[in-house]
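Keep in mind the model is a prediction, meaning the values are calculated, not measured.
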Amino acid sequence: MRFLLVLLAVGAIHPAAAQSQRTLIANLDAAGVADLCDAGLERARASIATMESRADAATFFDEWNQVQILIDDVSGPLGVLGGLHPDKAVRDAVEPCLQKYTTLSTAIYQNEKLYARAKAARASSPRQAKLKKNLAEGFEDGGVALAQDKQARAKEIFTRLEALRQAFERNVRDDNTTVTVTPAEMEGTTEAFALRQNRDAGGNYVLATDDPTYASFMSNAKLEEARKRMYMARFNKGGEPNIALLEESFTLRRELAQLYGYPSYAAYALRRKMVGTPEVVNKFLSDVKGAVAGLEKTEIAELTASKAKDTGDAEARLRRWDTSYYLEKIRRERFAVDQEKLRAFFPTGKALEYAMRVAETLYGVKFREAKVEAWHPDVRYFDVLDANGKFTAGIYLDLFPREGKRGGAWASGARRASHIAGRLPFSVLATNFNRTGLSHRELETLMHEFGHVLHGVLSTADYVAQAGTSVKRDFVEAPSQMFEEWVRREQPLALFRKICPECPQLSREEIARLDGARRYGQGLFYSGQWLLASYDMALATNPGPPMEVWKSLESATALGYVDGALRPASFAHIAGSGYAAGYYGYMWSEVLALDMLSPFRKDMLDPKVGARYRDTILAQGSQDEEMEMVRKFLGREPSSDAFFAEITGKQR
């Protein structure tokens, strides 16, 4: 098919008509991408020209919203397909289109006529006042007040950064590196795992380096040499080309910050985040490091002792490719928890039903599967209905790995809501899960990403720019991190008995042991998060050669530096996925997530608390300041107590 089917291709659709036009994304070829892109840009530019010609301050916010809708109609769906479409030609065609939209966005925020109208516009509601504030910041960040030469340079940098992001992610996505292991080197892995793998003419196993394969092999393969080969293959994806792209990205970000008069990209970017300044981030990271240092030391000593006993080498040293294996070994011994065996408890389809059932119980919605055209046969689609059965949103689910698909697990708002325009939201959930069943950790991942989806599809924001996950980057993870907690407690997990009565069920004791196993290794995990966040901040503060900076930081850790591994080459978060000078946000968000959980602790399935949380947090997007929303929901000032209890492995 040449054309992509997109809701709202020519403007807002009335809610009453939405159910009959729910197809958001269908198959297309590369020429169809180009056609859609050019037509969308033409419509957006025409709308911008009309805005420039008008002077009425009273209509500005609605006009702005319509321009953003026209942009979102194309950039949203294509942004999804750039990482998911099975045809490389289509994925490649998406990239120049998204670069054009980046250039258009930069031009909008450098447009003096639009800036003058934005300043003159009078806000008639708190939501418009917040939008006006955000627009003022956007125009400032876009460079409208810069000298012409600096404006032009800023535009060049924004466009180049988008190209670098795409190249970085493409290099990882299209890297089909495999690891060949002998049957003997498969010792420790399950029969089911072995049956899923390809074999070469000599009978050896040819392992991919995707998430489920990597995680399962590293947690179960007994032979260290095989684990090392897998580790090195995984953390050389993207290779030296991506190291060069990362260096150029952060060099350009520093130049961009200096155009605006800031000493570093960290100072430039963080002024728009909840933290405000690099000093706040550095203090937070220092507190995290101090809190987990002792626990990390204890865990490393225990893992090292386990390796020494296992290998018979009293001088054994723990390596990074050992940690997953020995963590799982101790978890089995100490807590009788085997993640691979848990796949029988959580069949993939039933796990998805569980995520939906929790959301239905808490938020008063229903999910109804429907057949629509999509980019791959694996994709499933669900309508989201309100309590009265009215269609309110749609969700696409692309759950299984395949060649050319973006790795990891992620969610994206393919189409953002606008209440005043009658525009309904659509989100996409993409993972690379095992087809038959999920480990408990993968179930947590599913809930995390489904939390992002809910943040998008439950949005009732007035304006597209404020909808769904448009919140500050150091808050955006909070709703999704919070949703993970519904797989850690007996009461909600009891829903599995209704969803899958034929599945083995977890007892209270097993759930307690599972949580104990989860908390074992927190020192290593959060030290790892500290390392990644500190690396990001180092490059964002004073960029240098990426591998030299990484070597310096990793060498100072308890497990030391791994020579020959290019781990930053696949660190897509800071290469351009919105987390440059922001990776700390995962832990910062978790502070708020674990605190916001407190009203649910008495009853994790309380629909009254769920409705209040939905209306106060999920529905609002960024219509209010993030901290104010949290205070309103909690009825008090936020606390970090639950977070520091979590990262130190203590009971909560």
Side-chain angles (χ1 to χ4, degrees), residues 3-9 24-26 28-45 47-48 67-110 138 141-142 154-174 242 245 248-249 252-253 256 375 396 398 404-408 410-416 426-428 430 456 464-465 468-470 473 572-580:
F3 293 103
L4 179 68
L5 301 179
V6 182
L7 276 174
L8 236 68
L24 176 68
I25 306 171
L28 76 167
D29 58 18
V33 170
D35 290 344
L36 178 71
C37 183
D38 292 342
L41 287 168
E42 183 178 352
R43 287 193 298 270
R45 288 169 180 151
S47 185
I48 291 166
V67 168
Q68 295 304 308
I69 284 172
L70 290 172
I71 292 172
D72 196 55
D73 281 344
V74 178
S75 62
L78 289 188
V80 170
L81 292 187
L84 295 179
H85 202 282
D87 185 346
K88 187 177 185 299
V90 171
R91 298 196 304 269
D92 289 347
V94 166
E95 294 184 358
C97 178
L98 294 183
Q99 290 179 34
K100 292 176 183 177
Y101 272 90
T102 296
T103 300
L104 176 66
S105 179
T106 303
I108 290 173
Y109 283 106
Q110 290 184 353
D141 291 351
K155 188 173 183 178
E156 291 173 353
I157 292 174
F158 286 128
T159 301
R160 179 59 180 163
L161 285 173
E162 172 62 13
L164 294 172
R165 178 196 69 80
Q166 293 176 357
F168 191 101
E169 292 186 358
R170 184 194 326 120
N171 289 343
V172 176
R173 185 182 66 236
D174 294 346
N242 270 10
L245 294 175
E248 184 180 354
S249 295
L252 287 174
R253 287 172 179 143
L256 182 70
W375 55 93
Y396 291 80
D398 189 342
K405 180 181 177 181
R406 176 180 164 185
W410 47 282
S412 178
R415 185 171 178 274
R416 293 178 294 170
F426 284 75
S427 289
V428 175
V464 161
T469 57
S470 62
R473 184 65 66 170
H573 281 80
I574 66 169
S577 294
Y579 282 91

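- Judged purely by atom type and a 3.5 angstrom limit, R173 has no side-chain atom pairing as donor or acceptor with the backbone of R406.
- The pair R170-D174 fails the salt-bridge criterion, with no side-chain N (NZ, NE, NH1 or NH2) lying under 4.0 Å from an Asp/Glu carboxylate O.
- A donor-acceptor pair under 3.5 Å links the side-chain atoms of S249 to the main chain of L245, judged by distance alone.
- In this structure, T159 contributes its side chain and K155 its backbone to a donor-acceptor pair below 3.5 Å.
- When all heavy atoms are compared, the tightest approach of P77 to A414 is CD-O, 3.4 Å.
- Applying the salt bridge (charged side-chain N to carboxylate O under 4.0 Å, His left out) test to every pair with at least one member in residues 74-87, sequence neighbours left out, gives no pairs at all.
- A salt bridge links D398 with K405: the distance from a Lys NZ or Arg NE/NH1/NH2 to an Asp or Glu carboxylate oxygen falls below 4.0 Å.
- Distance CZ/R415 to CG/D72: 8.0 Å, rounded to 0.5 Å.
- Within the 4.5 Å cutoff, the side chain of V428 has heavy atoms near those of the W375 side chain.
- Of the listed residues (P96, C97, S75), just one forms a side chain to side chain contact (heavy atoms under 4.5 Å, CB included) with C37, and that residue is C97.
- Taking all atoms of both residues into account, the shortest heavy-atom contact from G142 to F158 is O-CE1, 4.4 Å.
- Atom-to-atom distance recorded for R91:CZ and L84:CG is 9.5 Å, nearest 0.5 angstrom.
- Taking every heavy atom of both residues into account, Y579 and I574 meet most closely at O-CG2, 3.7 Å.
- Side-chain contact between Q166 and V94 is absent, with no heavy atoms from C-beta onward closer than 4.5 Å.
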* Could you please spell out the steps behind the side-chain contact (heavy atoms from CB on, under 4.5 Å) verdict for L104 and I48? => CA-CA 10 Å; L104 176 66; I48 291 166; 3.8 Å; yes
* **Verdict with reasoning, E162 to T103, per side-chain contact (heavy atoms from CB on, under 4.5 Å)** => CA-CA 9 Å; E162 172 62 13; T103 300; over 6 Å; no
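- If you take OG1 on T102 and CZ on R165, they are separated by 7.5 Å, rounding to the nearest 0.5 Å.
- When side chains are defined from C-beta on, D73 does not count as touching R43, because their heavy atoms never get closer than 4.5 Å.
- Counting all heavy atoms, side chain and backbone alike, I71 lies closest to I108 at CD1-CD1, 3.7 Å.
- Donor-acceptor pairing under 3.5 Å is lacking for the side chains of Q99 and E95.
- The nearest pair of heavy atoms linking E169 to A572 is CG-CB, 4.4 Å.
- Across all non-hydrogen atoms, the minimal contact from L70 to S47 is CD1-CB, 3.7 Å.
- With R416 contributing its side chain and G468 its backbone, the two residues share no donor-acceptor pair below 3.5 Å.
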